Structures are given as structure tokens and as C-alpha cells.
Amino acid sequence: MNTEKKVRTRFCLAPCPAYDVEKLESWLQDQAKDGWILSKEGSVFALLAFEKNAPQSLRYRLQPKKPNEGFADVPDPDLQDLCEEYGWEYVDSYGQFHIYRSLRSDAREMDTDLGVQAAALKAGKRSSGFTLILDGILLSSIFSQFFQMPFWSLVHMGLAYHLAHLVALAWVSMDCFLQWLHIRRLHKQLKANIPLNHNKPWKQGALFHIASKIIYV
């Protein structure tokens, strides 16, 4: 008889953007308290995978990726070994961040120097700013072409489709701007020697964020 217990897995859309470090860490910790532990199997698009287990008091930390790292990249093995020595285990990558967790309440913070954290976030702010500029150029070009086209040509090609296309591009540009603005705020906060709030309430604005993502898709 096969007595192996089947692992329950579910995929969740985070209740906040990937760049909202404080809310995301807090949400992951609350999920662990309810017995849903972030899986190492990896995220699927914007969905994070969780496995059902006994409730645990886990601490999660998001570390900015290096400028040359892509979405699918994992931290350097030597860095992972070093983090494990201090009690932090690499779990997954999400957006511009690597996610670590620790079961130890006495595990030292991954970055004890707030200046180091600020420097790491500065690279993320620069990357977001560059993407924002490219989005702005693309959006301006498409808007210009759209308004230069004769009305009947737009109707023939599908006016609703073109409008939806423009709205989607504007939405992406706005999201990119908000990402740059949020990372900039965190960067200034750390430079002022104000630590991040790893238990920030995450429920406020969660329904709006999830609904907006579903509508966009």
C-alpha cells in the first residue's frame, strides 16, 4: 500500500506588486502562519506556488537582484551557501528580487548595514527608470501614429482593438512609473537610516491590485 502523502499545492497572485518589498514579506509570513509555505518549484508568471504544511513562524526577506541578472536567474551558489550559514535559505525569485526565508528567530538580518541595502535598491531604481523611459518613447510613438491615421482606416482595422492596445500600454507605463517611485522612496528611507517594516499591513489595497491585474490580463 502506498502511504505517501500527496502534497497540496496552490498558486496565488500576490496582493501587492513585486516591488512592494515590505508588504510582500509580511504577506508571505502570514501565509506561513496559516500553513502555506512558499514552494521552491518556482513561480508561474505572476503566480507564486505554495505547499500546504504545518503552520510555521517563518521570516522572509527580499534581496534585490544584481543589474545583470534576469527574471529566471538564481543567486550565485557561493552567496547562497553564505546566507545559509547565517540561517537564510534561498527559495525563489520574483520580479527584481530573490526571496529568502529563515525559521530561526535569532538569524541575523541579511543586510545589517542600511547603506548596503540602499545601494542594492539603487540599481533596481536605475533599471526601473530605464524601462520607464523606453515605455514612454514607445507609447508616444504609438499615440502619434494612432492620431495620424484617418478615422475610417481606424474603423476598418478595429477601433476598439487599437484603443485597448493604447490603454494596455499606458497601464504598463503607469505601473512602471509606480515601481520606480516606490523603489525610490525605499531607497531614500534606507539612506536616512530608517529600516524597512517587515510586518507592514498588506491587506489595504489588496483587492484593487488583484482586480487590476486580472482586468489587465
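This structure is a prediction, so every number in the text was calculated from the model and none was measured.
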ask   = Does Lys23 reach the main-chain N or O of His198 with its side chain, forming a donor-acceptor pair under 3.5 Å?
value =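 Looks like no, no N/O pair under 3.5 Å.
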
ask   = Ignoring hydrogens and geometry, is there a side-chain-to-backbone donor-acceptor pair from Arg59 to Arg104 under 3.5 Å?
value = yes

note = When every non-hydrogen atom of Leu24 is compared with those of Ala18, the smallest separation belongs to CD2-O, 4.0 Å

Non-hydrogen atoms of Leu62 and Glu25 that approach each other most closely = N-OE2, 2.8 Å

[X] side, atom [atom1]; [Y] side, atom [atom2] - distance, nearest 0.5 Å:
| X | Y | atom1 | atom2 | value |
| --- | --- | --- | --- | --- |
| Ser102 | Arg61 | OG | CZ | 9.0 Å |
| Gln56 | Leu103 | CD | CG | 6.0 Å |
| Glu22 | Lys200 | CD | NZ | 5.0 Å |
| Asn199 | Ser26 | CG | OG | 5.5 Å |
| Asp20 | Trp202 | CG | CH2 | 12.5 Å |
| Trp27 | Leu38 | CH2 | CG | 8.0 Å |

inquiry  = Between Trp36 and Phe11, is the ring centroid distance below 6.0 Å?
reply    =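 Aromatic pair excluded; centres sit 6.0 Å or further apart.
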
query = More than 12 foreign heavy atoms under 6.0 Å from CD of Gln204: is that the case here?
reply =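 Count not over threshold, so no.
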
message = How about NZ on Lys52, more than 12 heavy atoms from neighbouring residues, nucleotides or ligands closer than 6.0 Å, or not?
response =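 More than 12 within 6.0 Å, yes.
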
Partners meeting salt bridge (charged side-chain N to carboxylate O under 4.0 Å, His left out) with Lys40 (sequence neighbours left out) =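 Result, salt bridge (charged side-chain N to carboxylate O under 4.0 Å, His left out) vs Lys40: Glu89.
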
key: salt bridge (charged side-chain N to carboxylate O under 4.0 Å, His left out) against Lys203, all qualifying residues, sequence neighbours excluded   = none

key: Ionic contact status for Glu51 with Arg10, cut-off 4.0 Å   = no

ask   = Which one of Tyr60, Phe97, Tyr100 satisfies the ring-ring contact (aromatic ring centres under 6.0 Å, His included) criterion with Tyr90?
value =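 For Tyr90, the ring-ring contact (aromatic ring centres under 6.0 Å, His included) test succeeds with only one of Tyr60, Phe97, Tyr100, which is Tyr100.
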
